[in-house]
Structures are given as structure tokens and as C-alpha cells.
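Contents: one structure, followed by commentary.
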2 protein chains.
Amino acid sequence: MNFQQLRSVREAARRGFNLTEVANTLHTSQPGVSRQIRELEDELGIEIFVRAGKRLTGLTPPGGTVLPIIESILQGAGNLQRAGREFARQDTGTLSIAATHSQARYALPPAVQEFRQRFPEVQLRLHQGSPRQVAEMLLSGEADIGIATEAIEQYDGLVALPCYRWTHCVVAPAGHPVLEGPLTLERLAREPLITYDHGFTGRRRIDAAFEDAGLAAQVVLAAMDADVIKAYVELGMGVGLVASIAFDPERDLALRGVDAGALFGINVTQLAIKRGSFLRGYTYAFIESFAPGLDAQAVDRAMADA
Amino acid sequence: MNFQQLRSVREAARRGFNLTEVANTLHTSQPGVSRQIRELEDELGIEIFVRAGKRLTGLTPPGGTVLPIIESILQGAGNLQRAGREFARQDTGTLSIAATHSQARYALPPAVQEFRQRFPEVQLRLHQGSPRQVAEMLLSGEADIGIATEAIEQYDGLVALPCYRWTHCVVAPAGHPVLEGPLTLERLAREPLITYDHGFTGRRRIDAAFEDAGLAAQVVLAAMDADVIKAYVELGMGVGLVASIAFDPERDLALRGVDAGALFGINVTQLAIKRGSFLRGYTYAFIESFAPGLDAQAVDRAMADA
DNA sequence: TATCCTTACGGAATTCGTAAGCATG
DNA sequence: CATGCTTACGAATTCCGTAAGGATA
């Protein structure tokens, strides 16, 4: 048993059982991969993959139980190397953050700036994606830290840490009638609305609020980020619902915003890491800077109790 | 990075940093081990071991953080092979049980007998030891299942499952005065007592009971197992306190027993496994047979929530 | 027929054990 | 001076990539 065999199996499962592709990602030859997998299967005495003729098409039942074990071993190997680097070169390395648009655009910049100043030798990578993509990037090891409001708590393999609370706000062009008089769900239901897509930035809460009130909101445009929403609100297409952090009176001069926390409730942005990861010292530092309530100890504790 | 390197490091830490000894247990040459360790240290860029001149004497701080990671990787490797065997040859393999004397002698026999009948192809190994030794054998992977009443819940790396409850009983030669009249702590404190050693079979509860009552018991002989205790009780050295399961009226003809659960409380025998172990099908079967209240699902659940 | 996996083969790199060297208690 | 780790070296093994073969959509 060796690590190359395990990597081959894991990558084969990830890349849809295409060994040619696996060979490319592992920077080796395709027959090599084929052999690695066969050798491991021989040693374990089981077939991991279903073969239709000469093609791999899926996991066998033994393969299904064995694959998570393989992934945990390889996670350990990754942890080992990270731990090595931690001691060898304290303040150099890479920090890979996956975040949704809202977070990347509005919440992260201060923490990122502070981090770059404090750890100039650490290469910072920021990946943007949907909440699900953020979660997948964590699980695959592509990202060290994930930040999102949605979806992230549902993954067993991740540890979610609450960072900060935020509310939505209603934005409309200056002088728009919705800005006058009390803000209610009934009032909003009469306007064409522009807000986030399903699965993004608290859209769930917005839908739930209208549904609970027995109202049908008319969402005329669903976008993945606040900048798009604000642009169409400026064009007069409707009233916008965005995260409060995304509205800046000094920048969005043509718009006016009204907090709508009372209508749509409070959202909690989560910072997530993969369970069982070894975290670099600077990773803890970033977490502390982004979510001042969290410290290394709190992170470790959250990771410890599954 | 390869498994032989990791094994060398783990074994070096276990065997008191004596590489010659490590080489023997790993069935390889001593220079080989030396090289494996150096190579891993080079690759990780850290020193794992403290070297006094040419001798290894301890773990460095990096070594301290790296060693648990290495152990988790190797546990994964063990799980992988066990999973392989599980599918390759369903009902063959080895089941290694570590138990204290009380358990091995009085509680295990029926389950062992049933197991041997049902899985004749599985080689059963029974190791006897103190509760701490039982725990250590589980942690080191020498044993798959551990059974004891004491100590086992205190290990973080183990999952303890309550199996059954039992009480102590007082044993004395037939006709002994302690057998007449009500049984109280005061009465017992007036007798020379023979019972278990510290750390064995509920001795803690016995001490606690006397202490809570403000009494000083005279333990004239502390043994590690009930057979020794009973032998000296038969010789008239004193009154015995043993686990009820260890007293059999049909076999111990010269003795009489009186339950003392009211005096010393109820003990719970724990079955323990190492956290994160892959368990063979027959291992689950043994657990179910030994503790009919437990099934595979219950075991998995207990292991899942840390 | 194009894609994709397996088998075959030969050169290169790695691995490992023996023997010798050296430091320490 | 006995124990224990390191270095040196050569043989054996293993590893891996190229090239050819065969099966499937």
C-alpha cells in the first residue's frame, strides 16, 4: 500500500472514473494509474471499481466503504505536510479562502487587508462560488476556509463557526414611494422585487417570510450578487432586497436603503473548515481577524466535538 | 512520504526511541529505520526527534504535533486493510479482545463460546490485563475490543459502551458470624477484609463507601482477581468482597455470599473500542452477543458523536 | 472510429541490507 | 567497551513511461 495508489483511487472517484484524466491531474501516465489501482485492489483483495468491459463506471460496495477511509488517510497526509511547513517556515505558505460573492465583496476586504500586512509572505487565494461550491472546495481540500451564509451547516464533513449576524435591507431609487410610510411585507409584495437567486445570501429567509405571511412576492429578477441587484434597481426595474452590508450610502448615491431585519429576520454568516484539518498558525490568525469573537481555542473546540 | 517512514516514527516513539528495537519489530535493518526517519524529517522540513549526540532521546515540539497525525494516518491504513479483509473473506480473520480478569474469567465465556461456534474461522485472541493495560492495548491497536469496569471512560481516544450492571457481594466461610444479622458498613469495618487491588473491579467504589461513612476498612489482602480473594477467604484470613458474578454457590461450596449492592453501589462494565476503527462484521456480532442491548447501529452512533 | 483501459517491456531510480565508522554512557 | 546511530556502497528490486493491443460506445 502506498500513497500514490490511494491518490489514484481518490482521483478516479472524483473525476468520474476516467483514468486518463486522473493521469493528467496526477502528472503521470495513464497505464501507471491503471496499475496503481489494480495493485491496491489486489492487495486489499477487493474490487473497488465496477468495470464495464475495460471501462470503469462506478464504485462497488466494497469501494464505497473503502473510499472514505482512503480519503481520511490522504487528509492525514495533507495535514502532515502542512504541520511540517508550519514549523519549517512559520509565516510562509498559502491560505486559500472560498467565499460567496457577498462575503468576498463586502465582508472579507478588511480581514484580507490586515492579513496581507501581517503575513506578507503568505500567498492568499480567494475563490468565489455558490455556497455549495464553497462547501465542495473545502471538502476536496482546495480551500482552507469557507465563508457563506447558506448551506454550509448541512455538510457533515465541515465544522461551521458563526461569525457575525446581519440583516437584509430594502433599496430603492431616491424618492421611490416604498421608502415612505411603514415598511411591511404587504407593502413589498405589491412591488416588483429584485433580489438574490435561490440558495444565495439569505434568499431562503426572504421566501419564508412572504410565505409565512401568506403573500406572493413578485421577484422579477433573481441575481447572484448585490451589485447586479443594485444596478437594476437603479434602472427602475423594481425594489431591491440585499444584505445590509452590501448597501453603502456613500457609494450608492442614487439609492436609499431601509433596514428590513424586522421583516426577514437575522442571518448568521458561517465560517467553515474541514473537519480534521491541521490548520496553520496564520489560518487561525485570519479567522480571529475576520470573526473577532473566535480564537484558536474556540476553533479547536468546535472541531473536537463532532 | 511513505508508510514505512511513518511506521518507523511511530514505533520509535513507542519503543522509547531505540531504533535497534524498532528495526526488530518492523523486521528490517537498523540503518534502514534510521534512514526512514531522516527522510521523513527532511521531507517535512522539521526534526521530529531530539538527538543527544547520535542517540534519540525524545520528541521535539514539532514531533509532538506531528506524531498524532502520523498515528491517525496509520490507523487509517489499518482500517483499510481490515475493510479489505471484511469483503474478501467475510468470516475469517482475527478478533482480539483485551479484558480484566473478572471479565475474562466470569463474564466473557458465554459470549466467547457462542462466537467460536458462529465464526469457527475467526481466530480469537484473549489478552488479560489491568484496566489501564486494556486501554493501552486498544489505543495501540493490539486489541479490537476492550472490556473493563474501571478507567476506560477516561481515555479520549476510546469509545466506551455500557454493557451491564453488577454489584459486589460479601463472601465468607460458611458459618462465619458476619453472615448473620444485617449487613452494614460498620459491621464490615470490624472484619479483616480481602478484596481487589486499587484500580480493579470497583475497588474505587468500595473505598468511597467506607470513606463516605467515615469508616476505616482494614484490607488485609488486596488481590487482582476474585479467585485469589476467594482462596484466602477459604483459608479464614478474612471476609471477601468480590464482584457478584465471581461467586458461584455451586462451585464455591465452602463459601457463602451475600449481595452488597446496597452498600457499595452499582458498577457498570464498559466495552470499549478505539475511536475511528473500522470494525469487522464479526466484531459487531461479538459485541451484540456480549451486550445484548447493543447493536451495530448503536456502536456506530456512539463512535460518531465524540 | 475514437476513446479508454490493459498488457508488455526495458531502462532508470529507488530501496535495502551489509559492513565500517563514530559517539556516548 | 558495549550500545546505538550514521555513513558508504553495491546488489536487487521496484517503479514508471512508452508502445502496442483490445474492448466499447
Side-chain angles (χ1 to χ4, degrees), chain A residues 1-60 62-63 66-67 70 73-74 77 80-81, chain B residues 1-60 62-63 66-67 70 73-74 77 80-81:
Chain A
M1 186 192 314
N2 64 52
F3 286 100
Q4 189 68 355
Q5 293 168 352
L6 303 183
R7 273 190 289 268
S8 300
V9 168
R10 174 178 67 176
E11 226 52 38
R14 282 189 183 168
R15 315 253 155 204
F17 315 107
N18 182 329
L19 300 196
T20 309
E21 212 176 308
V22 171
N24 291 333
T25 37
L26 296 183
H27 306 295
T28 181
S29 69
Q30 183 275 319
V33 171
S34 186
R35 186 168 39 222
Q36 301 291 0
I37 291 175
R38 275 216 173 281
E39 279 175 11
L40 185 64
E41 288 182 322
D42 284 352
E43 183 177 342
L44 298 181
I46 56 174
E47 302 239 299
I48 296 174
F49 296 107
V50 176
R51 286 166 174 80
K54 285 201 168 183
R55 229 154 266 224
L56 307 200
T57 57
L59 280 174
T60 60
V66 144
L67 186 61
I70 291 177
I73 296 174
L74 291 172
L80 197 53
Q81 299 199 307
Chain B
M1 186 192 313
N2 63 53
F3 286 100
Q4 189 67 357
Q5 293 169 351
L6 303 183
R7 272 189 291 267
S8 300
V9 168
R10 175 178 66 177
E11 225 53 37
R14 282 189 182 168
R15 315 253 155 205
F17 315 107
N18 182 328
L19 300 197
T20 310
E21 211 176 308
V22 171
N24 291 332
T25 36
L26 295 184
H27 307 295
T28 181
S29 70
Q30 184 274 318
V33 171
S34 187
R35 187 169 38 223
Q36 301 292 358
I37 292 175
R38 276 217 173 282
E39 280 175 10
L40 185 64
E41 288 182 322
D42 285 352
E43 182 177 343
L44 297 181
I46 57 175
E47 302 239 299
I48 295 174
F49 296 107
V50 176
R51 286 168 174 80
K54 284 200 169 182
R55 239 155 257 227
L56 306 200
T57 58
L59 279 175
T60 60
V66 144
L67 185 62
I70 291 178
I73 296 175
L74 290 172
L80 197 51
Q81 299 198 307

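Letters A, B, ... mirror the listed sequences (proteins, then strands); counts begin at 1.
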Heavy-atom check, side chain of A:Val33 versus side chain of A:Gln30, under 4.5 Å: no
Pair listing, salt bridge (charged side-chain N to carboxylate O under 4.0 Å, His left out) test, anchored in residues 8-17 of chain B, at least two apart: B:Glu11-B:Arg15
Interatomic distance where CD belongs to A:Glu47 and C1' belongs to C:dC5 [whole Å]: 14 Å
Minimum side-chain heavy-atom gap B:Val66-B:Val9 below 4.5 Å: no
Side-chain donor/acceptor contact of A:Arg35 with base of D:dG17 under 3.5 Å: yes
Parallel, tilted or perpendicular: ring planes of A:Phe49 versus A:Phe17, cut at 30 and 60 degrees: perpendicular
Ring pair (Phe, Tyr, Trp, His ring centres under 6.0 Å) contacts in which one or both residues fall within residues 27-48 of chain B, not counting sequence neighbours: none
Rounded distance (Å) that lies between atom P of D:dG4 and atom CD1 of B:Ile37: 15 Å
Integer-rounded Å distance: C:dT15 P and B:Arg38 CZ: 17 Å
Residue pairs passing the salt bridge (charged side-chain N to carboxylate O under 4.0 Å, His left out) test where at least one lies in residues 19-46 of chain B, sequence neighbours excluded: B:Glu41-B:Arg51
For atom CG of B:Leu56 and atom P of C:dA23, their distance in whole Å: 17 Å
Stretch residues 22-33 of chain A: residues that reach within less than 4.0 Å of DNA chain C through a heavy atom: A:Gln30, A:Pro31
Side chain proximity check, B:Leu6 to B:Ile70, heavy atoms < 4.5 angstrom: yes
B:Leu67 and B:Ile48, any side-chain heavy atoms less than 4.5 Å apart: no
Sugar-phosphate, base or nothing in reach of B:Phe49, heavy atoms under 4.0 Å: nothing
Non-neighbouring partners of A:Thr60 that pass side-chain contact (heavy atoms from CB on, under 4.5 Å), sequence neighbours left out: A:Glu47, A:Val50, A:Pro62
side-chain hydrogen bond (donor to acceptor under 3.5 Å, both in side chains) involving A:Gln4 - partner list, sequence neighbours excluded: A:Arg7
A:Glu39 CD to C:dT7 C1', straight-line distance once rounded to whole Å: 13 Å
Sugar-phosphate only, base, or nothing, as touched by A:Gln36 at under 4.0 Å among non-hydrogen atoms: sugar-phosphate
DNA chain D contacts made by residues 2-13 of chain A, counting heavy atoms under 4.0 Å: none
Separation of D:dT7 P from B:Leu19 CG (nearest whole Å): 13 Å
Contact summary for B:Ile73 and A:Ala77, nearest pair of heavy atoms: CD1-N, 3.5 Å
Enumerate the protein-to-nucleotides 21-24 of chain D contacts in which both atoms are nitrogen or oxygen and the separation is below 3.5 Å.
| from | atom 1 | to | atom 2 | distance (Å) |
| --- | --- | --- | --- | --- |
| D:dG21 | N2 | A:Lys54 | NZ | 3.4 |
| D:dT24 | O2 | A:Arg55 | NH2 | 3.1 |

